[in-house]
Structure formats: structure tokens, C-alpha cells
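Okay, structure first, notes after.
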Amino acid sequence: MIPAPSGATRLHVIVGDPIAQVRSPAGVSAAFAARGHDGILVPVQVAPGDLPDFLSVAARLKNLDGIVVTIPHKFACYQACTSATDRAHFQRTVNLMRRRADGSWHGDMVDGLGFLGAARAKGIDPSGMRALLVGAGSALALALVEAGVGELAIHDSMAERRDALIGRLNGLGKAPVRTGTMDPAGFDFVANATPAGMKDGDLLPVDVARLAPAAYCGCVITRPEVSPFIAAARKIGCVTGTGTDMYQQHQSIMVDFLLGTEAA
């Protein structure tokens with residue numbers, strides 16, 4: 001139950017364009033209430049050309065404590081932050097902004113943490129695993145490398161973007177990262193970071209016949225709740241994580257950041 005807001009309620013907004021698809025306002029507002037915090041999260045739709053004006057106004061709203069950022073504003077909002085976490089600096093994007101004591105913004109990018117949280121909630125520790133990531137999503141790739149995977153292969157049809165990400169990840173010196181394919185054979189951890197499966201007739205992101213039953217399979221898609229890739233992996237016997245599982249983990253991480261209670 002979310003209490004009715006009052007003049008003392010602290011405000012947070014989620015900004016994007018479009019915005020009707022977001023699920024977080026009710027869940028985050030309920031999580032605030034569950035933690036005894038008088039705050040709400042409300043959606044605001046802002047076109048890219050209007051974002052500078054929005055951020056200028058946001059900086060002047062004395063009861064606005066935080067901003068959740070969705071497409072297409074993650075890069076522009078990173079540029080508006082005075083400080084940010086190392087992972088946000090690596091990706092040059094943010095999906096969370098928290099007001100600092102001096103009124104400026106501190107940013108983070110936690111999409112990858114939500115994805116790994118969904119895996120860990122199923123008892124999967126990616127440390128030492130051979131991982132295949134389909135889609136050059138830098139948040140997921142960085143999270144996997146920082147989680148200590150033994151090897152990461154990235155498959156993406158956009159070779160230039162894929163190769164640039166591989167080069168930057170290898171520059172961290174944490175795990176060998178290379179080009180992958182649609183063949184998941186030999187991988188312990190298979191992640192789909194593409195929209196494949198959202199539309200009828202979409203091709204599967206990997207050759208599911210080559211999946212090992214012991215492999216963990218995760219997907220970022222929330223609609224349908226069980227993507228065709230996840231459904232196929234379950235038939236083989238794989239442990240799976242859905243986009244909804246990721247969102248549930250992500251919500252807790254978002255609230256921790258917005259309230260300043262995240263782990264160092």
C-alpha cells in the first residue's frame with residue numbers, strides 16, 4: 001500500500017521518451033513505503049531536444065531527490081552528472097541520478113547488476129564460467145567481467161560496436177573477451193541482451209539445440225514474460241532467468257541507490 005503523498009513527500013522521477021512502457025513507478029514507490037521512506041517515483045516524458053531544459057528545471061526543484069533514466073537519455077544524463085561510479089564512467093551512460101549535498105548529480109549504471117542478481121537468485125555464480133553474450137550490451141558485458149567470468153564471448157551483428165566493446169573490456173585486464181557466434185556449445189552462461197523474441201517470428205538469439213542442459217540462460221525481455229529463448233532453454237533443462245526476474249532485482253538496486261544505502 002502506497003501512502004497518499006503530502007507536501008513533505010520526497011519526489012523522484014523516471015524520464016524517457018516514450019515513457020508509457022515503464023513498470024517502475026508503482027514498484028519503486030511501494031519499496032520506498034516498505035522502507036519507511038516518504039517518497040514516490042513518477043514518470044515524465046521528455047523529448048531529447050527538451051532534456052537540457054528539463055535537467056535545468058530539475059536542478060532547481062528542492063524536493064526532487066533522484067532521477068531514473070531510460071531510453072533515449074542515458075548518455076545525455078551521464079554528461080549532466082558531476083560525479084559517477086566507475087562502471088558509469090566506463091559505459092559513459094547512467095540510468096540513475098541522485099542529488100548530492102551540493103545540489104549536483106551523482107550517477108550510476110546498474111542494468112548489469114540486475115541481470116547478474118537474477119542469476120544469483122537462481123543459485124548461479126558466474127565466477128570462472130565461460131559466458132556468451134548475444135548483443136553488445138556494455139552494462140551486461142562489464143558486469144560479467146567484473147563478476148569474474150573465466151572468458152566472455154560477445155556476438156553482435158554490428159561488428160564495429162562489438163569490436164570496440166571487446167577492445168575496451170580487454171583493456172581492463174580482468175578476463176579474456178573475444179568475438180562469439182550464435183553457437184552456445186561449451187558455454188556455462190548464455191545471456192540474451194537483444195530484443196529477439198519480442199515479436200512473433202523473431203529468430204532465436206542462439207542455436208538452442210547446442211545448449212548444454214547445465215548452462216544458465218538469461219534474457220532481458222520482459223514481454224512476453226517468458227521469451228521463446230527462455231522457453232526453449234527450459235525444455236532442455238537449463239536454469240533460466242527472465243527479464244522480469246532481472247527487473248525485480250534491478251528495482252531493489254535502484255531503491256538502494258536512490259536512498260543512498262547501496263554497498264560501497
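Keep in mind it's a predicted model, so treat the numbers as computed, not measured.
For the pair Lys235 and Val208, the minimum side-chain heavy-atom distance is 4.5 Å or more. Using a 4.5 Å heavy-atom threshold, the side chains of Phe32 and Ile40 count as separate. With contacts defined as side-chain heavy-atom distances shorter than 4.5 Å, the pair Val68/Val28 does not qualify. Side-chain atoms of Met254 and Leu96, non-hydrogen and from C-beta on, do get closer than 4.5 Å to each other. The side-chain heavy atoms of Met198 and Ser227, taken from C-beta on, include no pair separated by under 4.5 Å. Residues His73 and Leu55 form no side-chain contact, since every pair of their non-hydrogen atoms from C-beta on lies 4.5 Å or further apart. Considering only heavy atoms from C-beta on, Thr242 stays 4.5 Å or farther from Thr222 through its side chain. Asp38 places a side-chain heavy atom less than 4.5 Å from the side chain of Ser6.
With rounding to the nearest 0.5 angstrom, the CG atom of Leu116 is 9.0 Å from the CE atom of Met246. Between His37 atom NE2 and Ser29 atom OG the span is 9.5 Å, to the nearest 0.5 Å. Once rounded to the nearest 0.5 Å, the distance linking CG of Asp156 with CZ of Arg162 reads 7.5 Å. To the nearest 0.5 Å, atoms CG (Leu132) and CZ (Arg178) are separated by 8.0 Å. If you take OG on Ser127 and CG on Leu144, they are separated by 11.5 Å, rounding to the nearest 0.5 Å. For the atom pair CG (Leu152) and CD1 (Ile166), the distance works out to 8.0 Å, reported to the nearest 0.5 Å.
Residue pairs meeting the salt bridge (charged side-chain N to carboxylate O under 4.0 Å, His left out) criterion with at least one member in residues 121-133, sequence neighbours excluded, are Lys122-Asp245, Arg130-Glu151. Applying the ring pair (Phe, Tyr, Trp, His ring centres under 6.0 Å) rule to pairs touching residues 193-231 yields Phe189-Tyr216, sequence neighbours excluded. Applying the salt bridge (charged side-chain N to carboxylate O under 4.0 Å, His left out) definition to pairs two or more places apart or across chains, none involves residues 214-234. Contacts classified as salt bridge (charged side-chain N to carboxylate O under 4.0 Å, His left out) and involving residues 68-93 (residues at least two apart or in different chains) are given here: Lys74-Asp111, Arg87-Asp108. Pairs passing the salt bridge (charged side-chain N to carboxylate O under 4.0 Å, His left out) check and including a residue from residues 61-73, sequence neighbours excluded, read Arg10-Asp65.
Residues forming a ring-ring contact (aromatic ring centres under 6.0 Å, His included) with His106 (at least two apart in sequence, or on another chain): Phe257. Residues passing the ring-ring contact (aromatic ring centres under 6.0 Å, His included) test with Tyr78 are His89, sequence neighbours excluded. Checked against salt bridge (charged side-chain N to carboxylate O under 4.0 Å, His left out), Arg100 has the following partners two or more places apart in sequence or in another chain: Asp102.
No continuous path of ILVMFWY side-chain contacts below 4.5 Å connects Met129 to Ile236, so the two sit in separate hydrophobic clusters. Leu11 and Val46 fall within the same hydrophobic cluster, where Ile, Leu, Val, Met, Phe, Trp and Tyr residues are linked whenever their side-chain heavy atoms come under 4.5 Å apart, directly or through other members. Val220 and Leu113 fall into different hydrophobic clusters, where Ile, Leu, Val, Met, Phe, Trp and Tyr residues are linked whenever their side-chain heavy atoms come under 4.5 Å apart, directly or through other members. Hydrophobic cluster membership is shared by Val226 and Val190, with clusters built from Ile, Leu, Val, Met, Phe, Trp and Tyr side chains linked at under 4.5 angstrom. Side-chain heavy atoms closer than 4.5 Å link hydrophobic residues (I, L, V, M, F, W, Y) into clusters, and following such links, possibly through other members, connects Ile230 to Phe187.
Contact detail for Ala141 and Leu169: the closest heavy-atom pair is CB-CD1, 3.6 Å. For the pair Thr82 and Ser104, the tightest heavy-atom approach, listed with the atom from each and the gap, is OG1-CB, 3.1 Å. Across Pro126 and Ile124, no two heavy atoms sit closer than the pair CD-O, 3.7 Å. Considering every non-hydrogen atom in both Gly114 and Ile253, the closest pair reads N-CD1, 3.8 Å. The two residues Ala212 and Cys238 have their closest heavy-atom pair at O-SG, 3.3 Å. Minimum heavy-atom separation, Pro184 to Arg210: CD-CB, 3.6 Å.
Remark: side-chain polar atoms of Asp53 are not paired, donor with acceptor, to backbone N or O of Asp50 under 3.5 angstrom. For Asp183 (side chain) and Asp207 (main-chain N/O), no donor-acceptor pair under 3.5 Å exists by modelled atom type. A distance-only check finds no donor-acceptor pair linking the side chain of Thr240 to the backbone of Cys217 [under 3.5 Å]. Judged by distance alone, with hydrogens and angles left aside, the side-chain atoms of Thr261 form a donor-acceptor pair with the main-chain N or O of Asp256 at under 3.5 Å. Here the side chain of Asp202 pairs a donor or acceptor atom with the backbone of Gly197 at under 3.5 angstrom.
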Considering only distance and modelled atom types, tabulate donor-acceptor pairs under 3.5 Å from the side chains of residues 133-140, sequence neighbours left out.
none

Side-chain donor-acceptor pairs under 3.5 Å in residues 12-24, sequence neighbours left out?
unit_1 : atom_1 : unit_2 : atom_2 : d
Asp17  : OD1    : Gln45  : NE2    : 2.8
Gln21  : OE1    : Ile19  : N      : 3.4
Gln21  : NE2    : Pro18  : O      : 3.4

* Start with the C-alpha distance between Thr85 and Glu262, add both sets of side-chain angles, then the distance that settles side-chain contact (heavy atoms from CB on, under 4.5 Å), and finish with yes or no. => CA-CA 12 Å; Thr85 61; Glu262 77 275 24; 6.0 Å; no
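Tyr247 belongs to no hydrophobic cluster, as no Ile, Leu, Val, Met, Phe, Trp or Tyr side chain comes under 4.5 Å of its own. Met182 belongs to no hydrophobic cluster with other residues, because no ILVMFWY side-chain heavy atom falls under 4.5 Å from its own, directly or through intermediates.
Within 6.0 Å of CG on Leu203 lie no more than 12 heavy atoms contributed by other residues, nucleotides or ligands.
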